[in-house]
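In the text below, chain A, chain B and the rest are named by the order of the sequence lines, each starting its count at 1.
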There are 2 protein chains.
Amino acid sequence: MEVTPPEPCATTEERECGVRNRLGRISDKWTVLVVVEVSPEPKRFRQLQRSVHAISQRVLTLTLRRLERDGLITRTVAAAVPPQVTYVLTPEGLSLSGKLQCVVAWAVVHEKQIGRYRQAGDEQHP
Amino acid sequence: MEVTPPEPCATTEERECGVRNRLGRISDKWTVLVVVEVSPEPKRFRQLQRSVHAISQRVLTLTLRRLERDGLITRTVAAAVPPQVTYVLTPEGLSLSGKLQCVVAWAVVHEKQIGRYRQAGDEQHP
DNA sequence: CGGAATCCAGCGCGATACTG
DNA sequence: CAGTATCGCGCTGGATTCCG
């Protein structure tokens, strides 16, 4: 997308410090799972809860709230009975989702390889 | 990427379940930070500990061990006094690192935007 | 249905001290 | 320098209950 400009923060420590702060906002496992799952069409609360399998209602709520607060998703309440709440990715959220999908794709491709490594290791340290 | 044909793991639930299992291996924040930081030249333990700023020595050790076990990094011990241990990314680790760098880049680019959203939100809910 | 509130267990992780 | 071992707490997150 946008090419990242000229002068990145210089030293390794500075770089990392920045990286840490920035990633902190999105790096927890629930957030990643939810972002990936919301993308790209509107999803309802229940849908998400079923999709992100083991997530509890409490954690899903908290995660969605944070994502909304950060401008990554939009929460829409339809005044109806029963209530209907839908979540959509904002443009920002969508672009993040793209990057995360790359990581997911990587994980899918390398899953078996990793599994083999892991097995081999376990056999040596039983 | 690949247009997914007729019947892969079809349902959303199944898809997500797989995603979750796969991401579980790499989705915790320390792992991400360490992978990004090891890349791409050899790093020594102390170096990493200083780079990944707030990480404790214990957690760094555990994280590196898991990464090694998964075949993402290589640990090399030089028989010397004082001991010298270096960590390098394997080809797999390097390719993962690439994907993660994308996410990092995203975070850098969108940092300010997110900050603004967050502020705006906080002003409304003080 | 979508959520808030409480309560509570588990383990993630930091702090500290000891080895080779 | 590069670890391993132990302990203890704090927060994450699950289960349950109640509301609009």
Between N or O atoms, less than 3.5 Å apart, protein on one side and nucleotides 1-8 of chain C on the other: list the pairs.
| from | atom 1 | to | atom 2 | distance (Å) |
| --- | --- | --- | --- | --- |
| dC1(C) | O3' | Arg44(A) | NH2 | 3.2 |
| dG2(C) | OP1 | Arg44(A) | NE | 3.0 |
| dG2(C) | OP1 | Arg44(A) | NH2 | 3.2 |
| dG2(C) | OP2 | Arg46(A) | N | 2.9 |
| dG3(C) | OP1 | Arg75(A) | NE | 2.8 |
| dG3(C) | OP1 | Arg75(A) | NH2 | 2.5 |
| dG3(C) | OP1 | Tyr87(A) | OH | 2.9 |
| dG3(C) | OP2 | Tyr87(A) | OH | 2.9 |
| dG3(C) | O3' | Arg65(A) | NH2 | 3.4 |
| dG3(C) | N7 | Gln57(A) | NE2 | 2.8 |
| dA4(C) | OP1 | Arg65(A) | NH2 | 2.9 |
| dA4(C) | N7 | Gln57(A) | NE2 | 3.4 |
| dA4(C) | N6 | Gln57(A) | NE2 | 2.9 |

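When all heavy atoms of Glu37(B) and Ser51(B) are compared, the pair lying nearest together is CG-CB, 3.4 Å.
Rounded to an integer number of Å, the gap from Asp28(B) CG to dG12(C) C1' is 10 Å.
Looking only at side-chain heavy atoms (C-beta outward), Arg66(A) and Thr31(A) come within less than 4.5 Å of each other. Looking at heavy atoms from C-beta onward, Val35(B) lies out of side-chain contact with Val38(B) at the 4.5 angstrom threshold.
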What side-chain donor-acceptor pairs closer than 3.5 Å can you find for residues 83-93 of chain A, not counting sequence neighbours?
| from | atom 1 | to | atom 2 | distance (Å) |
| --- | --- | --- | --- | --- |
| Tyr87(A) | OH | Arg75(A) | NE | 3.4 |
| Thr90(A) | OG1 | Gly71(A) | O | 2.7 |
| Thr90(A) | OG1 | Leu72(A) | O | 3.2 |
| Thr90(A) | OG1 | Glu92(A) | N | 3.4 |
| Thr90(A) | OG1 | Gly93(A) | N | 3.1 |

Anything under 3.5 Å between a donor and an acceptor, one on a side chain of residues 55-64 of chain A, the other on a protein residue two or more places apart or in another chain? List them.
| from | atom 1 | to | atom 2 | distance (Å) |
| --- | --- | --- | --- | --- |
| Ser56(A) | OG | Val59(A) | N | 3.3 |
| Thr61(A) | OG1 | Gln57(A) | O | 2.9 |
| Thr63(A) | OG1 | Val59(A) | O | 2.7 |

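Side-chain polar atoms of Gln47(B) and Arg44(B) form no donor-acceptor pair below 3.5 angstrom.
In the 5' to 3' direction, nucleotides of DNA chain D lying under 4.0 Å from heavy atoms of chain B begin and end at dC1(D) to dT6(D).
A salt bridge does not link Asp70(B) to Arg116(A): none of the charged side-chain nitrogens sits closer than 4.0 Å to a carboxylate oxygen.
Each end of the helix from dC1(C)-dG20(D) to dG20(C)-dC1(D) gets its own rotation axis from five pairs of C1' atoms, and the angle between them is 50° to the nearest 10 degrees.
With rounding to the nearest 0.5 Å, the separation of OG in Ser27(B) from CG in Leu100(A) is 11.0 Å.
In this structure Thr74(A) satisfies the side chain to side chain donor-acceptor pair (under 3.5 Å) test with no other residue, sequence neighbours excluded.
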